[in-house]
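For reference, the structure is listed below as structure tokens.
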Amino acid sequence: MTMNLKVRLALMNFLEFAAWGAYLTSMGRYLGDIGMGADIGYFYSIQGIVSLFMPAIIGVVADRWVPAQRMLGFCHLLAGVFMVALAQYCFVTGWEHISPAMVYFLYTMSVAFYMPTLALSNSVAFNALQRAGMDTVKVFPTIRVFGTVGFIVMMWLVDIMGFEVTEMQFMTSGIVSFVLFLYSFSLPLCPVVSGSEKRSLAKAFGIDAFSLFKQKEMALFFIFSMLLGVSLQITNGFANPFISSFETIPEYADTFCVKHTNILISVSQISETLGILLIPFFMKRFGIKNVMLIAMIAWVLRFGLFGLGTPDNGLFLLSMIVYGVAFDFFNISGSCYVDQNTDKKMRSSAQGLFVLMTNGIGATVGTIAAQKVVNTYTATVDYGDYSFLVGDWSTVWFIFAGYALAVAIAFAFVFRPKRV
């Protein structure tokens with residue numbers, strides 16, 4: 001029975017992130033191909049914008065009226081409907097006549113209902129494991145890793161099927177969401193809370209956690225979380241258009257990196273999975289501040305290696321490997337820092353504030369600012385049957401690396417936690 005529950009929750013996580021992996025790293029390539037390369041950053045900022053309020057709103061509904069597993073299913077149904085509608089619109093209209101406003105609308109509506117499911121799927125898993133009497137700390141990571149597996153599998157599928165340059169990536173995402181909607185009816189019950197257990201609206205939206213800004217150390221931590229969050233979505237949006245642009249250079253056009261860009265980028269997710277395993281050792285040996293600093297230096301390398309790399313010198317692959325340290329070492333160690341330095345009555349709200357500062361405000365500002373940089377140094381060029389963003393990409397990546405280095409230096413000198 002215990003194994004059956006783990007398998008069911010693992011499949012839920014697999015589908016949850018497969019729906020995201022179908023387009024997250026390849027959407028930028030498609031947008032560039034239909035003449036919307038100057039809007040890539042704005043599309044990636046949408047998930048940050050809706051994350052500022054939609055998870056909290058849906059969370060309140062799930063807390064008070066609709067069981068979380070049902071809410072998870074309904075959100076995926078709506079996300080899938082809008083994603084399929086986006087694919088159908090682009091297919092029927094043809095790229096020459098596509099209305100950017102309609103693409104924005106359909107994509108925004110889909111993402112608005114998808115982003116809350118990241119928290120809902122965690123709620124379903126934790127509730128089921130706790131009701132089964134299992135240790136969530138030990139069991140949940142082995143379940144959650146199947147989410148990353150689902151993300152990677154879908155990236156490979158989209159690459160192999162040639163969906164990176166077509167609207168079929170959106171159709172694939174929508175179909176997976178429909179499957180999870182149907183599957184949600186088989187998930188364990190996650191009952192709504194009783195009147196005495198309901199969170200106040202201030203707690204649901206994490207407003208009470210803003211009182212932590214009164215503490216200098218916590219205020220600095222959240223500010224640096226936001227500054228580092230600027231880097232989080234940049235490569236998701238621009239790595240694929242950048243690497244695929246080498247197709248316009250004959251000597252690189254037939255290299256594996258260019259022909260299978262999504263598979264190459266999937267090494268980042270594989271590295272992310274392995275990076276999690278290194279955190280306990282590094283936390284114990286170097287302390288939380290140094291682990292966070294290592295993450296920041298890794299972001300410098302992530303961008304810098306892109307700036308120095310070509311499809312045949314191996315630096316792109318090295319950049320993918322570095323990503324695991326860049327992403328995990330700050331996100332997970334940062335969550336540990338919040339857990340250790342906040343009152344238990346406020347920990348959930350404080351974790352929500354951490355996500356808000358990194359994946360909400362930071363990532364939104366970062367992708368919009370990154371788009372301005374990309375637009376300055378690149379332009380859309382038609383080549384063969386496709387369009388590519390071509391230009392001085394090295395300067396683009398060195399600007400991002402310089403920003404990450406400046407944040408790292410400031411963090412090293414300014415942030416002085418009591419627990420080093």
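Leu86 contributes atom CG, which lies 11.5 Å from atom CZ of Phe105 (distance to the nearest 0.5 angstrom). For the atom pair CG of Leu9 and CG of Asn4, the computed distance is 9.5 Å after rounding to the nearest 0.5 Å. Taking CG of Asp33 as the start and CG of Asp382 as the end, the distance is 8.5 Å to the nearest 0.5 Å. Separating the CE atom in Met83 from the CZ atom in Phe113 is a distance of 12.5 Å, to the nearest 0.5 Å. In this structure, the separation between CE on Met115 and CG on Leu52 is 10.0 Å, given to the nearest 0.5 Å. The line from OG1 of Thr166 to CE of Met161 is 9.5 Å long, rounded to the nearest 0.5 Å.
Within the 4.5 Å cutoff, the side chain of Val81 has heavy atoms near those of the Phe178 side chain. Side-chain atoms of Tyr383 and Val390, non-hydrogen and from C-beta on, never get closer than 4.5 Å to each other. Between Val374 and Phe242, every side-chain heavy-atom pair lies at or beyond the 4.5 Å cut-off. In this structure, Leu15 and Val179 have side chains that are in contact, with non-hydrogen atoms separated by less than 4.5 Å. Looking only at side-chain heavy atoms (C-beta outward), Phe146 and Met12 stay at 4.5 Å or farther from each other. Between Met154 and Thr172 the shortest side-chain heavy-atom distance falls below 4.5 Å. Using a 4.5 Å heavy-atom cutoff, the side chains of Leu232 and Phe327 are in contact. A heavy-atom distance below 4.5 Å is not found between the side chains of Thr117 and Trp20.
Judged purely by atom type and a 3.5 angstrom limit, Ser319 has no side-chain atom pairing as donor or acceptor with the backbone of Leu315. Counting only distance, with no hydrogens or angles, the side chain of Asn290 and the backbone of Gly287 share no donor-acceptor pair below 3.5 Å. Using modelled atom types, no side-chain atom of Thr358 and backbone atom of Met226 make a donor-acceptor pair closer than 3.5 Å. Formation of a donor-acceptor pair under 3.5 Å by the Asn341 side chain with backbone atoms of Tyr337 is found in this model. Side-chain N or O atoms of Glu272 include none that pairs as donor or acceptor with a backbone N or O of Asp328 at under 3.5 Å. Side-chain N or O atoms of Lys259 include none that pairs as donor or acceptor with a backbone N or O of Glu247 at under 3.5 Å. In this structure a side-chain-to-backbone donor-acceptor pair under 3.5 Å is missing from Ser110 to Tyr107. Using a distance-only test at 3.5 Å, with no hydrogens or angles considered, a donor-acceptor pair links the side chain of Tyr44 to the main chain of Asn236. No donor-acceptor distance shorter than 3.5 angstrom exists from the side chain of Thr378 to the backbone of Gly391, with no hydrogens or angles considered. At distances below 3.5 Å, not a single donor-acceptor pair connects side-chain atoms of Ser271 with backbone N or O atoms of Val267.
Taking each heavy atom of Ser184 and Gly73 in turn, the nearest pair found is OG-CA, 3.4 Å. Nearest heavy atom pair, residue Leu308 against residue Asn313, reads O-ND2, 3.5 Å. In this structure, Gln371 and Gly37 approach most closely via the heavy-atom pair NE2-O, 3.3 Å. Closest non-hydrogen pair, Ser266 versus Trp156, comes out as OG-NE1, 2.7 Å. When every heavy atom of Pro311 is checked against every heavy atom of Thr255, the shortest pair comes out as CB-OG1, 3.4 Å. Heavy atoms only, all atoms of each residue included: Leu264 and Cys257 are closest at CD2-SG, 3.8 Å.
No hydrogens or angles considered: a donor-acceptor pair under 3.5 Å links the side chains of Asn262 and Thr25. Using modelled atom types and a 3.5 Å distance limit, the side chains of Arg302 and Thr235 yield a donor-acceptor pair. Ser26 and Gln169 share a donor-acceptor pair across their side chains, judged by distance under 3.5 Å alone.
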Start with the C-alpha distance between Phe286 and Leu293, add both sets of side-chain angles, then the distance that settles side-chain contact (heavy atoms from CB on, under 4.5 Å), and finish with yes or no. CA-CA 10 Å; Phe286 298 107; Leu293 189 57; over 6 Å; no
Evaluate side-chain contact (heavy atoms from CB on, under 4.5 Å) for Arg8 paired with Tyr183, printing each intermediate quantity in order. CA-CA 9 Å; Arg8 291 163 65 195; Tyr183 183 67; 3.4 Å; yes
Residues Phe354, Asn359; criterion side-chain contact (heavy atoms from CB on, under 4.5 Å); working and verdict: CA-CA 8 Å; Phe354 176 58; Asn359 293 284; over 6 Å; no
Could you walk me through whether Phe170 and Met27 pass side-chain contact (heavy atoms from CB on, under 4.5 Å), step by step? CA-CA 9 Å; Phe170 303 128; Met27 180 174 65; 3.9 Å; yes
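Remark: aromatic rings of Phe256 and Phe316 are distant, center separation not under 6.0 Å.
Between Phe74 and Phe185, the ring planes are perpendicular. Angles over 60° get that label, and only those under 30° would be called parallel.
Sorted pairs that involve residues 87-105 and meet salt bridge (charged side-chain N to carboxylate O under 4.0 Å, His left out), not counting sequence neighbours, are lacking altogether.
Applying the 6.0 Å contact sphere to CZ of Phe398 captures more than 12 heavy atoms from other residues, nucleotides or ligands.
For Asp159, the side chain to side chain donor-acceptor pair (under 3.5 Å) criterion is met by His260, not counting sequence neighbours.
Of the listed residues (Glu16, Met109, Gln47), just one forms a side-chain contact (heavy atoms from CB on, under 4.5 Å) with Tyr114, and that residue is Glu16. No option in Phe306, Trp299, Tyr403 other than Phe306 meets the ring pair (Phe, Tyr, Trp, His ring centres under 6.0 Å) test with Trp397.
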Let me have the donor-acceptor pairs involving side chains of residues 54-62, under 3.5 Å, with sequence neighbours excluded, atom names and distances please.
none

